Amino acid sequence: MVDADDVRRVALALPHVVEIASDGFDFRVADKGFVWSYPERVPGRPRVIRLDIAVLFVGDEAEKQALLLGEPDVFFTAPGYDGLPLVLLRLAEIDLGRLDELVTDAWRMRAPDALLSEPEVAGK
């Protein structure tokens with residue numbers, strides 16, 4: 001089981017990551033978001049920033065569907081995310097190793113090619 005502090009440690013350990021000021025967590029590389037806290041929207045009420053759920057960039061619809069179908073206890077989606085390469089991740093359902101893998105993969109998909117070829121990145 002991991003939490004928002006674990007997300008923060010994993011994301012900030014990656015090169016050139018910037019944390020955007022928010023009520024939760026929001027991490028970007030080259031101005032592109034790759035993981036952030038879920039802004040849950042309930043009709044008729046103000047949105048609630050969920051620190052127990054992360055929005056994770058997954059690259060494409062095929063990867064999204066594979067995660068949603070393969071691990072429905074870990075990954076889910078919500079209205080507003082249809083057609084977007086994003087999944088919602090229940091942090092309580094994964095361990096630190098899996099978090100590191102997921103966040104690093106999301107970072108790699110959003111980082112520019114020039115950044116990926118840097119020596120410090122190639123070894124990760």
Side-chain angles (χ1 to χ4, degrees):
M1 178 172 153
V2 297
D3 61 20
D5 290 333
D6 294 314
V7 174
R8 183 169 282 109
R9 277 191 294 278
V10 168
L12 290 174
L14 296 164
H16 303 281
V17 169
V18 174
E19 183 171 10
I20 303 302
S22 72
D23 291 336
F25 52 86
D26 185 347
F27 299 98
R28 302 187 186 184
V29 60
D31 290 325
K32 295 179 182 177
F34 63 97
V35 65
W36 58 92
S37 47
Y38 174 46
E40 184 175 39
R41 292 171 178 84
V42 176
R45 293 194 288 174
R47 74 180 183 161
V48 174
I49 302 300
R50 298 279 305 266
L51 298 178
D52 61 325
I53 298 173
V55 179
L56 185 72
F57 184 82
V58 295
D60 62 32
E61 187 67 21
E63 180 66 16
K64 177 178 182 173
Q65 291 306 315
L67 292 169
L68 293 173
L69 294 171
E71 298 178 81
D73 55 325
V74 176
F75 301 100
F76 69 105
T77 190
Y81 292 89
D82 294 337
L84 298 173
L86 303 168
V87 293
L88 303 176
L89 167 64
R90 292 178 181 97
L91 297 176
E93 299 300 321
I94 63 169
D95 64 20
L96 190 55
R98 183 78 188 280
L99 178 69
D100 185 58
E101 173 189 333
L102 291 165
V103 170
T104 300
D105 286 349
W107 176 88
R108 284 184 185 282
M109 287 182 270
R110 300 298 272 173
D113 289 341
L115 180 58
L116 295 175
S117 64
E118 289 184 8
E120 67 200 35
V121 175
K124 177 119 174 110

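Since this is a predicted model, take the numbers as computed values, not measurements.
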Backbone N or O of Val18 within a donor-acceptor pair of the Arg28 side chain at under 3.5 Å?
-> no
Shared hydrophobic cluster, Ile94 / Val55 (ILVMFWY, side-chain heavy atoms < 4.5 Å) | no
Single-linkage hydrophobic cluster Met1~Tyr38, side-chain heavy atoms < 4.5 angstrom = no
What about Leu68 and Leu88, same hydrophobic cluster or not, with Ile/Leu/Val/Met/Phe/Trp/Tyr joined at side-chain heavy-atom distances under 4.5 Å?
-> no
Under 4.5 Å between any side-chain heavy atoms of Val35 and Phe57, yes or no?
-> no
Worked check of side-chain contact (heavy atoms from CB on, under 4.5 Å) between Leu12 and Phe25 | CA-CA 11 Å; Leu12 290 174; Phe25 52 86; over 6 Å; no
Sequence neighbours excluded, the answer for salt bridge (charged side-chain N to carboxylate O under 4.0 Å, His left out) partners of Glu101 is none
Mind running side-chain contact (heavy atoms from CB on, under 4.5 Å) on Leu14 and Val29 for me, showing each step along the way?
-> CA-CA 9 Å; Leu14 296 164; Val29 60; over 6 Å; no
If every non-hydrogen atom of Gly24 is compared with every non-hydrogen atom of Ser37, which pair is closest and at what distance?
-> CA-OG, 3.3 Å
Under the 3.5 angstrom rule, does the side chain of Asp6 hit a backbone N or O of Asp3 as a donor-acceptor pair?
-> yes
Leu84 backbone acceptor or donor facing Lys64 side chain under 3.5 Å = yes
Spacing of CG belonging to Asp105 relative to CG belonging to Leu56, to within rounding of 0.5 Å | 8.5 Å
Could you pull out all donor-acceptor pairs under 3.5 Å where a side-chain atom in residues 70-83 meets a protein atom, sequence neighbours excluded?
unit_1: Glu71; atom_1: OE1; unit_2: Arg98; atom_2: NH1; d: 2.9
unit_1: Glu71; atom_1: OE2; unit_2: Arg98; atom_2: NH1; d: 3.4
unit_1: Glu71; atom_1: OE2; unit_2: Arg98; atom_2: NH2; d: 2.7

Taking a hydrophobic cluster as the set of Ile, Leu, Val, Met, Phe, Trp and Tyr residues connected by side-chain heavy atoms closer than 4.5 Å, whether directly or through intermediates, do Leu102 and Met109 fall within one such cluster?
-> no
Any link between Phe27 and Ile49 through a network of hydrophobic side chains (Ile, Leu, Val, Met, Phe, Trp, Tyr) touching at under 4.5 Å?
-> yes
Side chains of Trp36 and Leu86: closer than 4.5 Å at any heavy-atom pair?
-> yes
Criterion side-chain contact (heavy atoms from CB on, under 4.5 Å) on Thr104 and Phe34, from CA distance to verdict = CA-CA 9 Å; Thr104 300; Phe34 63 97; over 6 Å; no
Looking at residues at least two apart in the chain, or sitting in another chain, which of them share a side-chain contact (heavy atoms from CB on, under 4.5 Å) with Asp52?
-> Arg50
Side-chain contact test, heavy atoms from C-beta onward, threshold under 4.5 Å: evaluate it for Asp23 versus Leu51 and give yes or no.
-> no
Can you find a heavy atom in the side chain of Leu91 that is under 4.5 Å from one in the side chain of Ile53?
-> no
